[in-house]
Structure formats: C-alpha cells, structure tokens
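First the structure, in the form of structure tokens, and then the observations on it.
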Amino acid sequence: MIDDKILFRAGSADEIIEELEKIKPGIQGRIIATPDNVDSGLAKLVLTLIELIRKLMEKQAMRRIEGGSLTDDQIENLGETLMKLENKMEELKKIFNLTDKDLNLNLGPLGDLL
Amino acid sequence: MPFVVYSIIDNTVCVVDLAHISNELSHKFNTNLEFAEYKNLSALVSFVKKKDTGTTRDEVLCYASIIDAMAAMCPVLPMRFGSVLESYNDVLEYLSRNADAFIRSLALISNKDEYSVKVLFSQSYHEDPVGNTSCNDPQPLPDILNSTNLAREYLSNKYKDYLSDKKKHQYTEQVKSYFMSQALAITDYIDFNKSLSPAFIIDAVLLIDKSKKSKLLDIVVNLRAMFPMHNVMLTGPWPAYNFTKTKI
C-alpha cells in the first residue's frame, strides 16, 4: 500500500526503510505487569523515572558549565556526583536485567518519554 | 454483535449510492461492509467476530485500505484501527452524540488530502551530521574542564556530547523552518511529529487542497535540492488521519 503512496523519494531507500522499521509501534515502551513479573515491571517504571531525573540534572549541569557560573570545587563535586549516579544506574540495571532500551515509556501521541 | 467503524461521511457532501458502494467494497475486501445512517451522517461499518488471537499486520492493512478506498470517493473522517462498538445501535448513538463535531471535522477536510514529509539524516552524515553540513568550528571547551582528573574528564566528555546535541538541534530547526516557510504558502495545516528516532530531521503531516498537490511536490523537490545530503520522502494522498481531532 505504501509503495503506491510514494510521490517523491530521494536518497537511500534502504536507509529510509530501516528508520521507518525502527519507529514501528511496539510493546517496547510499555510496562507489562503480571503477578509473575511485578518486581521487574515496577523496577522498570521506577528506573525509567530515575533515569529521566538523572538526565534532567545532567542537562542542567551542562547549562551551568556553559554559563560559566561554577567554581572549581563545584565542577569537581558535580563531575563526581554525576559519574557516581551513572555508575549506580548501571548497577541497578544489571540487578533487574534491564538495558538502556528498556528504560523508556511510550506516552502515546506525545512520543517516548526519553 | 460488535461492529468495526472505518470512517464517517457527510451524506450531503458525498452524494453517492451508499448501497452500491458498500456492495462494491464488500466484494473487493471480502468483508461484510454496510453503512449505519443517522440524519446526514453515515458510518462505514462491518460486524466482527470476537477472537482471542492478536491483531495481524494484514488486518491493519486491510482496515487502512478500506478507508483509503472510501476516501477516494468522497471526504471521509477516518477512524483509527481498533474503533469497535458493541452493537449497531451503539454506532447510531455514537453518530448522534457526536454529530456536530463530526460535521465540523468533515467540513475542515473537505476537498483536502493529507501528505507526509519525512527528511532524515543519511547514515554517512549520521555520526557527525552537523559537522559535515556547516562551516562552524567546534566550540572550545571551557578551561575549567581541562584536567586529567577523572571527574573532570567525565564532565568534559558529557559537555562535548551536550554541545554536539545542541548543534544538531539548531541545524534541525534551521531545516524545519526553511520547510515551514515554503509550506505555509500552500497550507496552514502543518503538524510536526515528535522525532521518534535521532535520524529524523522532519516528520511532518500537511493537509493540502487537492489542487495544490503539485505545489507541495515542488516544495519537497526544492527542499531536497537545498539539502541534497539528506534522505527525503513525500507520501500521500492519505485520508486526513492527523487533522480530524474531534473531541468526543
């Protein structure tokens, strides 16, 4: 059906198809909680929210570096804190057998959370 | 008996023989299609047997093809896959309850079609999409990050990623605003979807007057000429799935 609808295409058809395949709606971003997997379902939800907050903190930190408002000591603390936070997230992902791809939520028409 | 709803039409605009169309489409798609009518509105429906197995790709494509075939004959308000009501009476009630909203939406899309424009970074530019497409020198790192200390090195790498993302975002906005400035000359109805993959620069849908199809094609061809390093695709005409946001 889509082939009949292509009015213009330029560039690599394979690359376009590859990207369109990637964004097909799937169950990736859903929390699937059943009595058997309620722990990992909940862990996925909680870790996704922590990851969102971690990324927001990271972005805010980058803005402050860009603005030049941080002292030498603050930079030192910030670097260490963000590094430890990222390492801790890696540990937690391993414990719950989750990957970066799992840490997302599909918000319907709004797209993915992360 | 549950009914699948495919699309809704305004009988005053779509002056066609509904019985003939439903027979023709039923035959073509091997489904029992019929119209449920309420005053000036008709809904194309078919009854569906309840099943335990999940949805197949063929079922989704068949659903979209039925709407597409109907849209080729007259303006339709397309429903999303999975629009099922419990009974024929529920379909009539659905039409009666939302009649005003449906008529408003049908008036908006009358004589118009939806098109989709996608512009993507090609993989050869994907690693450093902006570095290859602009003449800007890379921004130097602030002195405060220059150190061999582990924490600063970590921050410095994060900061480089941040600058690269920022540059990519600025470039994407530049391409988008160029496209927008051209497209606004032919329509006010343009929606940009949130990029679902980092490869996307533009993922837009436009509602265009049927008479302006060739102008849209020119715009997209020019866009590609302006940015020849990107993959570009224009598809359509589609039923106006993205411009019929009725509040029901």
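All chains are named by letter (A, B, ...) in the order of the sequence lines, taking the proteins before the strands, and each is independently numbered beginning at 1. Atoms considered below: every heavy atom in the structure, side chains included; atoms not considered: hydrogens, waters and symmetry mates. None of the values given here were measured: they were computed from a predicted structure.
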If you count heavy-atom pairs within less than 4.5 Å of chain B, which of A:Ile16, A:Leu70, A:Asn77, A:Asp72 leads?
A:Asp72
Against chain B, work out which of A:Arg63, A:Met62, A:Arg9 has the most heavy-atom pairs shorter than 4.5 Å and name it.
A:Met62
For [X] and [Y], does a side-chain donor sit closer than 3.5 Å to a side-chain acceptor?
| X | Y | value |
| --- | --- | --- |
| A:Glu76 | B:Asn149 | yes |
| A:Glu66 | B:Tyr159 | no |
| A:Asp102 | A:Thr99 | yes |

Please flag which part of B:Leu216 lies under 4.5 Å from any non-hydrogen atom of chain A: side chain, backbone, both or neither.
neither
Which bit of B:Val221 is near chain A, if near means a heavy-atom gap under 4.5 Å: side chain, backbone, both or neither?
both
For B:Ser46 and B:Tyr6, run side-chain hydrogen bond (donor to acceptor under 3.5 Å, both in side chains): C-alpha distance rounded to whole Å, both residues' side-chain angles, the deciding distance at 0.1 Å, then the answer.
CA-CA 8 Å; B:Ser46 72; B:Tyr6 296 88; 3.0 Å; yes
Contacting region of A:Thr81 [heavy-atom separation from chain B under 4.5 Å]
neither
Between B:Phe121 and B:Pro198 the two heavy atoms that sit nearest each other are CD1-O, 3.8 Å
Pairs of heavy atoms under 4.5 Å with chain A: top-ranked of B:Ala151, B:Pro142, B:Pro228:
B:Ala151
